[in-house]
Amino acid sequence: MTEGRPKQRFFFIVNPQSGSSANVRCLKQLKNTLRQRQNHVNIQLTQSLEHAGQLACQAVAEDYDIVIVSGGDGTVRQVAQALAGARQPILIIPSGTENLLARELGLDNTLESALNTIDYGSVRDLDLGQAGSRRFMAIVGVGYDAEVIKRINKFRNGHISHTDYFWPICRTFWEYRFPRVKVIADGQEVSNQPSLVFVANISRYALGLGVLPEADCGDGLLDLCVYNCKRRRYLLAHAVMTILGISHKSRNVLRRRCKKVQISTDEEHSVPVQVDGDPAPPLPLDIEVIPSAAKVLVPPGPGHFAYRKPARLFLLRKWLIG
């Protein structure tokens with residue numbers, strides 16, 4: 001079974017606070033399989049998000065061939081940022097709550113998927129975004145969703161599930177006041193009114209919502225979406241139309257592809273910002289794309305990034321088990 005297959009060096013970066021027993025089984029099976037094939041395997045547990053980036057730098061310094069990351073979006077982001085410009089590709093074993101990039105690439109947390117990607121997958125370039133002093137791989141949100149994430153993280157203690165979002169979403173819905181936000185894309189002002197703003201590198205957001213369904217994480221551009229939103233009824237309308245996949249028909253929704261975005265506000269109160277699901281400093285914010293910054297391993301299939309069937313099944317399983 002191992003004849004003719006070149007030996008490789010695999011560096012595992014594992015967030016021990018993320019995932020379930022199913023993730024642990026997958027990692028153990030993958031480790032054993034790779035070692036049975038006479039590959040070198042090094043497994044390291046993260047102590048923090050910053051430590052994940054340090055481990056990625058170690059993998060580069062010790063010239064490993066593939067970096068396997070098991071964790072949520074925060075862990076994957078730190079590793080991708082540390083590997084920017086390196087030759088080593090990243091293979092994601094998703095074990096977080098949303099796993100936005102993994103779902104975008106059609107990856108799940110099964111042994112079959114991991115081995116299939118290692119044996120028959122391909123290496124693709126991954127754009128990153130720069131949002132102020134932070135880099136991101138998936139999405140930046142300004143306004144309502146950032147306030148929800150701010151509330152969740154205020155009381156967060158370890159791994160969170162989808163059910164943890166329920167009360168923060170409800171409270172934010174009734175308490176949030178929609179501030180005026182000014183958006184400039186590639187030097188042109190495109191909006192200056194009460195809005196929710198998303199700047200994304202991927203086509204799907206939380207729960208698989210197609211906020212920016214045409215976004216491509218390897219096209220060298222960022223996708224901008226502005227939901228004009230003055231009151232709660234506008235928010236409900238946007239949510240329903242996005243779920244139904246018809247938000248592009250609304251005259252209160254603006255979408256654009258660009259390389260740079262500037263977002264600011266004249267409001268007295270600060271406007272919250274989230275970067276890849278983590279709270280970030282409030283507005284103002286300058287965002288730009290970093291094309292082909294890192295490399296990722298993707299499953300065999302169509303020659304483009306796509307929201308494929310395995311990712312939907314994985315999302316359904318995660319939802320059912322909470």
Side-chain angles (χ1 to χ4, degrees), residues 49 73-74 77 98 100 129-136 138-157 160 164-201 205-206 209 211-212 222-242 247 250-289:
L49 289 179
D73 291 315
R77 181 186 68 244
E98 288 295 343
L100 295 175
Q130 184 80 37
S133 61
R134 301 190 184 193
R135 288 186 177 179
F136 66 95
I139 194 165
V140 173
V142 176
Y144 177 83
D145 76 307
E147 180 64 26
V148 171
I149 288 173
K150 177 181 175 182
R151 291 172 184 259
I152 290 173
N153 277 268
K154 185 176 181 180
F155 301 102
R156 180 174 180 173
N157 184 18
I160 60 175
D164 294 316
Y165 283 82
F166 180 76
W167 282 115
I169 288 175
C170 292
R171 289 199 60 182
T172 304
F173 178 79
W174 289 109
E175 297 176 6
Y176 190 71
R177 299 295 178 263
F178 300 93
R180 180 180 295 272
V181 177
K182 181 178 180 180
V183 183
I184 298 175
D186 286 340
Q188 178 183 3
E189 182 177 318
V190 296
S191 180
N192 188 6
Q193 55 186 306
S195 306
L196 314 181
V197 183
F198 298 93
V199 180
N201 196 33
Y205 189 32
L209 293 176
V211 174
L212 284 156
L222 295 170
D223 281 56
L224 167 68
C225 179
V226 181
Y227 288 101
N228 295 331
C229 198
K230 301 177 182 179
R231 301 178 185 87
R232 284 191 287 270
R233 63 183 178 87
Y234 284 78
L235 180 61
L236 287 174
H238 287 314
V240 171
M241 295 185 75
T242 301
S247 61
S250 172
R251 58 188 177 88
N252 289 313
V253 177
L254 178 147
R255 289 194 175 98
R256 182 165 299 192
R257 284 180 173 166
C258 50
K259 293 185 176 181
K260 294 184 179 181
V261 183
Q262 296 170 291
I263 310 174
S264 59
T265 183
D266 294 329
E267 300 281 345
E268 293 183 2
H269 300 290
S270 62
V271 178
V273 176
Q274 64 88 4
V275 176
D276 280 350
D278 292 322
L283 296 183
L285 185 64
D286 290 343
I287 306 172
E288 63 181 320
V289 68

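All values below come from the heavy atoms of this structure, side chains included, with hydrogens, waters and symmetry mates left out.
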### Task
Could you walk me through whether Asp278 and Arg77 pass the salt bridge (Lys or Arg N to Asp or Glu O under 4.0 Å) test, one step at a time?
CA-CA 11 Å; Asp278 292 322; Arg77 181 186 68 244; 2.9 Å; yes
### Task
Check the pair Phe173 / Val148 against side-chain contact (heavy atoms from CB on, under 4.5 Å), numbers first and verdict last.
CA-CA 9 Å; Phe173 178 79; Val148 171; over 6 Å; no
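Without hydrogens or angle criteria, Thr265 side chain to Arg180 main chain gives a donor-acceptor distance under 3.5 Å. Put simply, the side chain of Asp276 never gets that close to the backbone of Phe136: no donor and acceptor are under 3.5 Å apart. Side-chain N or O atoms of Tyr144 include one that pairs as donor or acceptor with a backbone N or O of Ile169 at under 3.5 Å.
A distance of 12.5 Å separates CG in Leu283 from NZ in Lys182, rounded to the nearest 0.5 Å. The distance from the OH atom of Tyr227 to the CG atom of Asp145 is 10.5 Å, given to the nearest 0.5 Å. To the nearest 0.5 angstrom, Arg256 atom CZ is 12.5 Å from Cys225 atom SG. Rounding to the nearest 0.5 Å places CG of Asp186 at 8.0 Å from NZ of Lys259. In this structure, CG on Asn252 lies 11.5 Å from OG on Ser247, to the nearest 0.5 angstrom. Taking CD of Glu288 as the reference point, atom CZ of Arg135 lies at 9.5 Å (rounded to 0.5 Å).
In plain terms, the two heavy atoms of Gly187 and Ile184 that are nearest each other are C-CG2, 3.5 Å. Closest non-hydrogen pair, Glu147 versus Pro272, comes out as OE1-CG, 3.6 Å. Here the closest heavy-atom approach between residue Val181 and residue Ser195 is recorded as CG2-O, 4.0 Å. For the pair Leu285 and Ala131, the tightest heavy-atom approach, listed with the atom from each and the gap, is CD1-C, 3.7 Å. In this structure, Pro279 and Arg134 approach most closely via the heavy-atom pair O-NH1, 2.9 Å. Contact record, Ala146 with Gly141: CB-O, 3.6 Å, taken as the closest heavy-atom pair.
Between Leu235 and Tyr176, every side-chain heavy-atom pair lies at or beyond the 4.5 Å cut-off. Inter-residue side-chain proximity for Arg232 and Trp174 is flagged as met; some heavy-atom pair is nearer than 4.5 Å. Looking only at side-chain heavy atoms (C-beta outward), Asn228 and Arg251 stay at 4.5 Å or farther from each other. At least one side-chain heavy atom of Trp167 sits less than 4.5 Å from a side-chain heavy atom of Cys170. Counting heavy atoms from C-beta on, the side chains of Leu224 and Val197 come closer than 4.5 Å.
At most 12 non-hydrogen atoms from other residues, nucleotides or ligands lie less than 6.0 angstrom from CZ of Arg171.
Screening Val190, Leu212, Asp223 for a side chain to side chain contact (heavy atoms under 4.5 Å, CB included) involving Arg255 leaves a single residue, Leu212.
Between His238 and Tyr234, the ring planes are tilted. Angles from 30° to 60° get that label.
Contact check on Arg177 versus Glu267 returns no salt bridge, with no Lys/Arg side-chain nitrogen under 4.0 Å from an Asp/Glu carboxylate oxygen.
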